[in-house]
Amino acid sequence: MKNRLKLASALTALRRIVAIGAAATLFGCATAGNPRDPLEPVNRAFFSFNDGFDKAIAKPLAEGYRSVVPSFARTGVTNFFSNIEDLWIAINDLLQGKPAKALDDWTRLFLNTTIGIAGLFDVASDLGLEKRNEDFGQTLGAWGVGTGPYLVIPFLGSSTLRDALSHGLVDVHADLVVQHRKVPVRNTLFALRTINLRANLLDASRIVEEAALDKYTFTRDAYLQRRQSLVYDGNPPRDSQSSLDSDEADNAPVSEPLSVPDDKNSADSPVPSIPLAGLPISTPQ
Amino acid sequence: MKYFQLLICLFIAPAFAQEVAPDALVKGITQEVVSIIKQDKEIQSGNSRRIAELVDAKVLPHFNFQRMTQLAVAVNWRKASPEQQKSLTQEFRALLVRTYSSALSSYRDQAIEIKPLRARAEDTEVTVRSEVKQKGAQAVTIDYDMEKTASGWKVFDVKVGGVSLITTYKEEFANQVRDVGLDGLIKTLSGKNRQAESRSRT
């Protein structure tokens, strides 16, 4: 009964997101600058807040954690949280019309929970069942909902209107850590997961420090490309910018690969439609 | 020793490259680089000079840095004088090499799989796909966009987890040129490179 209620509220939330997402993409077109980032001044403020918080608290904590906890234990922690996520990943694969992959996810969950001792060991990967990355934001993307404007969320970082709403309204209800009834257990697990995640990203964040001229635009453009790639499971449609003659083209606007999604499809077409929103306007043949 | 290796590369790599298919080329280089890292304790402990030597010798000959820079600088490329184009290429190359070396030093023993190439024989531009598998997380895809040149197949863009190097830098470069001009962009790049150099020496 409770589950049915949850499903109903998730569906209402979904309807709201679809509507807001469609409106947001329209809103996104109207502004100058990077069309995907109309809220850049606000975003930059939150970005430097997050950066300061990371430098002062999150990163030192993660570094301490990495130096104290041995590597095999950190892998166990990573595997444990990764295993619980597979349940929700499987549901999203189903929602995206990929039952074979959903079955793989559930097999992973079953094998890792039993043979892998409550998920501490990722035995399923050794058996060739690949870990997948899915969430409700990607499901909406696969259904044709555009991303809406880019957002930087305090403490959480890069997101878009679509991803932030689907995370806040839908994903958290399926998050077994957040939903845990005993508050002290929940808080401990949540803190451990967060610190472990940040520790896993230490190498990556060092590379961004070295590579970026402006960390804000670098992070934003990498995030938007990454999400686009995830929606298409690693095979996003090729954009025309990478073709040989594009750098010679007179009329090519500089930021074209990050152009506004074709929101017509997301607003009118019945669900699930061919994923078109979020695509660069120039569709490949 | 370093120059000796470079010399070998200059003469042998191009001749070798012409005959092999792009996916076989990527596979060969990847295997070679990985096996060197696995044996070299100094690289594993993060000796950046050693890593840079390895990248110089094994990886760089297969990249077309001028094309990469041209794509990233986009419309502003034609506004740049030949000297500006040259320094842009030089500094961008140094930046990419450093970033790439830094990424290599965090390599542990992840399995790397090069996917079989899906292309026609007459194609002059292909994408070689690969996957780095890691426990408890989704595999990271690394795609190499490659073009056929007189001296073999050359990489002109790399996409890590769907994030294109060129696309990411394009916006950064465009903003810099808009705010401080082409010379300003060159200055920013070289400043970043000098800063990192002095950091790695200490």
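In what follows, chains are A, B, ... by sequence order, proteins preceding strands, each numbered from 1.
Neither the backbone nor the side chain of B:Thr141 comes within contact range of chain A; no heavy atoms are under 4.5 Å apart. Neither the backbone nor the side chain of A:Arg227 comes within contact range of chain B; no heavy atom of the residue lies under 4.5 Å from a heavy atom of that chain. Proximity to chain B involves both the backbone and the side chain of A:Glu210, based on heavy atoms less than 4.5 angstrom apart. With a threshold of 4.5 angstrom between heavy atoms, A:Glu134 does not approach chain B through any atom at all. Using a 4.5 Å cut-off between heavy atoms, B:Ser164 touches chain A through backbone and side chain atoms alike. Contact annotation for A:Asp203: only side-chain heavy atoms (C-beta onward) come within less than 4.5 Å of a heavy atom of chain B. Residue contact with chain B, scored on non-hydrogen atoms closer than 4.5 Å, involves the backbone and the side chain of A:Arg226 alike. B:Leu95 touches chain A through its side chain: at least one heavy atom from C-beta onward sits under 4.5 Å away, while N, CA, C and O do not. Neither the backbone nor the side chain of B:Leu165 comes within less than 4.5 Å of any heavy atom of chain A.
Counting non-hydrogen atoms of other residues, nucleotides and ligands closer than 6.0 Å to NZ of B:Lys148 gives a total of 12 or fewer. No more than 12 heavy atoms of other residues, nucleotides or ligands sit less than 6.0 Å from atom NZ of B:Lys187. Counting heavy-atom neighbours within 6.0 Å of B:Arg178 CZ, excluding the residue itself, gives a total above 12.
Applying the ring pair (Phe, Tyr, Trp, His ring centres under 6.0 Å) rule to pairs touching residues 193-216 of chain A yields A:Phe47-A:Tyr216, sequence neighbours excluded.
Using a 4.0 Å cut-off between charged side-chain N and carboxylate O, B:Arg50 and B:Glu42 make a salt bridge.
The candidate with the highest count of non-hydrogen atom pairs below 4.5 Å against chain B, out of A:Asn112, A:Val208, A:Asn133, is A:Asn133.
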